[in-house]
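Since the structure comes first, as structure tokens, the remarks are kept for the end.
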Amino acid sequence: MSKVLVSDPIDQAGIDILSQVATVDVKTGLKPAELIEIIGEYDALMIRSGTRVTQEIIEAGTQLKIIGRAGVGVDNVDVPAATRHGIVVVNSPEGNTIAAAEHAIAMMLSLSRHIPDANVSVKKGEWDRKTFVGAEVYKKTLGIVGLGKIGSHVAAVAKAMGMKLLGYDPFISTERAEQIGCQLVDLDLLIQQADYITLHIPKTPETAHLINATTLAKMKPTARIINCARGGIIDEAALAEAIKQGTIAGAALDVFESEPLGESDLRSLGKNVLLTPHLGASTAEAQVNVAIDVAEQIRDVLLGLPARSAVNIPGLSPDVLEELKPYMELAETLGKLVGQLAGGRVELLNVRLQGELATNKSQPLVVASLKGLLYQALRERVNYVNANIEAKERGIRVIETRDASVRDYAGSLRLEATGTLGTHSVTGALLGEKEIHLTDVDGFPINVPPSKYMLFTLHRDMPGIIGKLGSLLGSFNVNIASMQVGRKIVRGDAVMALSIDDPLPEGILAEITKVPGIRDAYTVTL
Ligand SMILES: NC(=O)C1=CN([C@@H]2O[C@H](COP(=O)(O)OP(=O)(O)OC[C@H]3O[C@@H](n4cnc5c(N)ncnc54)[C@H](O)[C@@H]3O)[C@@H](O)[C@H]2O)C=CC1
Ligand SMILES: O=C(O)C(=O)COP(=O)(O)O
């Protein structure tokens, strides 16, 4: 039975799902060294923001197949390292959208009306109404940085409160921004005009310290900033200084450069700074959503099924996979075949998507072709996650071409591999819905289904050659299941494709190439 380690608190609903297929150990608060020591036993790791999954942890996780982040941000996971090791990383892109958006709105209103400090004051027995005079958000300008799922919901709520919305997001269209009710502007303008700024972007190298001393200096002195996205998007030291100096009016932060928050000037800035301990996703509803969403994906991957929200398999959603599945098998088979025909080190793979495959949706077939090509070298270590990276690291250049005009079959795939020993090509198509057929080898037309063990020869088409090869194989006790010759002209060059029942015995290839007329022979295991 598989083993799953849950290293951050997740809802029981998730544990129940994982328990259907695996032994589940919940061990929260582990130190990095403790995690490294035990991770080798586990097939899957389920986390929230509390666990940093570093390269060392990934390297120690020799059995790991999947890392599931019960939430959105995967900035605490070394995704490139996971990808190199063929580990799928999944998250729950929508499970906590509402929770995080509502927290941002709550922070904005709490900051504006000093609710947390007023509450503390009343509980202390005071009745101070002067200190806590606030500001309204109605008719104020809200600048939303990041108009994705959370930013869009914040926009909808803020709009209903009568706020004017500016948005900055270089990756969305003006039409989308209009739909959300936001005027799309550049960051500088947003920063200068907004009364409130709320951040809803991921933490990436580009967004680190996006808000810094320079940007803070451009804000209105009455501006307030809310960060319920990620620590480190705001330079905390610069922010503390800006509030002390009155450069801006206040800040509400749910996330910090280092969590838990340690020594910080931000703690001592009174009612103009509001701090919560990364509570954006901490609602009962969101925690059930994300736990179920991610546990289901871990369960599926452990059962050999695809994950629906893998962050490191671009373009390979379950819908696409379901639609392309027979073609993925075709691509992988052709990859294995052409890799073995090419032998040696392959330097260039040309993937030609033909007929109805000549669409952008077929991009995963390139990955499947590479997976097949690399199988010879990497066996089970290569998968859809790491095939691209492994190919790149081996210096294999991949060219993708599309030709919708090829109409012999509904869709066909042609792989051409060039390596140290020359160039070979194979083409295949599906007969009916999913029966794979090889339709061309090295430019010679054939029509054979692939089989586990195959023998290909390049020979001259001449009388007696088939008989000679048959007797030779017979003398080595090799049973031929099927055989076909492909040729372009009578008595010219030709290809023979044989399906055989067992692997070819050692030494027989050399004997085959001694048969007069046979130039080359290749044995292939699919
Ligand atoms: N405080 C908390 O507990 C939670 C925090 N989060 C954080 O919120 C972030 C946003 O979440 P979603 O809205 O679900 O993600 P999303 O992917 O739907 O939206 C992110 C948006 O940011 C935009 N973006 C990316 N780079 C940008 C840049 N350099 N400048 C401006 N815009 C940029 C993208 O185009 C996208 O529209 C997450 O990455 C996560 O870090 C999410 C959930 C809970
Ligand atoms: O989903 C996210 O990105 C969050 O930041 C939520 O973090 P958490 O799961 O509450 O530790």
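Ligands are counted one by one from 1 in listed order, and the atoms in each one are counted from 1 as well.
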Exercise. Counting both backbone and side chain atoms, is some N or O of K149 under 3.5 Å from an N or O of ligand 1?
Worked result: yes
Problem set entry | For atom 44 (C) of ligand 1, closest protein heavy-atom neighbour | A100 CB, 3.7 Å
Exercise. Would you say D254 contacts ligand 1, with heavy atoms under 4.0 Å as the rule?
Worked result: yes
Exercise. What protein heavy atom sits nearest atom 11 (O) of ligand 2, and how far away is it?
Worked result: S49 OG, 2.4 Å
Seminar exercise, completed: the protein heavy atom lying closest to atom 42 (C) of ligand 1 turns out to be I150 CD1, 3.4 Å
Problem set entry | Side-chain ion pair, K325 and E323, N-O less than 4.0 Å | no
Problem set entry | Nitrogen or oxygen of D169 less than 3.5 angstrom from that of ligand 1 | yes
For this session: Find all atoms of ligand 2 within a distance of less than 4.0 Å from any non-hydrogen atom belonging to V72, and give their numbers and elements.
Result: 1 (O), 2 (C), 3 (O)
Problem set entry | E94 contact mode with ligand 1 (heavy-atom cut-off under 4.0 Å) | neither
Exercise. Of the backbone atoms (N, CA, C, O) and the side-chain heavy atoms from C-beta on, which set of T204 has a member under 4.0 Å from an atom of ligand 1: side chain, backbone, both, or neither?
Worked result: neither
Problem set entry | Within-cut-off N or O pair, N96 and ligand 2, under 3.5 Å | yes
For this session: Show your working on salt bridge (Lys or Arg N to Asp or Glu O under 4.0 Å) between D169 and R176 and close with a plain yes or no.
Result: CA-CA 11 Å; D169 188 326; R176 171 70 190 141; over 6 Å; no
Exercise. Under a heavy-atom criterion of less than 4.0 Å, does R230 contact ligand 1?
Worked result: yes
For this session: Please determine if A281 has a nitrogen or oxygen closer than 3.5 Å to a nitrogen or oxygen of ligand 1.
Result: yes
Exercise. Any sub-3.5 Å donor-acceptor pair from T276's side-chain atoms to L279's backbone N or O?
Worked result: no
Problem set entry | Closest protein heavy atom (residue, atom, distance) for atom 29 (N) of ligand 1 | T207 CG2, 3.3 Å
Exercise. With the threshold set at 4.0 Å, does a side-chain nitrogen-carboxylate oxygen contact exist between R308 and D293?
Worked result: yes
For this session: Examine distances only and state if a side-chain atom of N386 and a backbone atom of R381 form a donor-acceptor pair shorter than 3.5 Å.
Result: yes
Problem set entry | Nearest non-hydrogen protein atom, atom 5 (O) of ligand 2 | H278 NE2, 2.7 Å
For this session: Among all protein heavy atoms, pick the one closest to atom 38 (C) of ligand 1 and tell me residue, atom and distance.
Result: V72 CG1, 3.8 Å
For this session: Out of R48, Q287, R69, E259, indicate the one that has the non-hydrogen atom closest to atom 4 (C) of ligand 2.
Result: R69
Exercise. Does L378 reach the side chain of E390, with side-chain heavy atoms less than 4.5 Å apart?
Worked result: yes
For this session: For A70, take its heavy atoms, then give the atoms of ligand 2 lying under 4.0 Å from any of them.
Result: 9 (O)
Problem set entry | Donor-acceptor contact below 3.5 Å, side chain N289 vs main chain G95 | yes
Seminar exercise, completed: One finds that the ligand 2 atoms under 4.0 Å from a non-hydrogen atom of G73 are 1 (O), 2 (C), 3 (O)
Problem set entry | Nearest non-hydrogen protein atom, atom 27 (C) of ligand 1 | F171 CE1, 3.7 Å
Exercise. Can you find a non-hydrogen atom of C228 under 4.0 Å from ligand 1?
Worked result: yes
Exercise. So, D75 and R230, do they make that salt bridge, N to O below 4.0 Å?
Worked result: yes
For this session: Can you sort out which atoms of ligand 2 are near A281, meaning under 4.0 Å from one of its heavy atoms?
Result: 6 (C), 10 (O)
For this session: For S362 and A358, indicate whether the former's side chain and the latter's backbone hold a donor-acceptor pair under 3.5 Å.
Result: no
Exercise. Which bit of P202 gets closer than 4.0 Å to ligand 1, counting heavy atoms only: side chain, backbone, both or neither?
Worked result: both
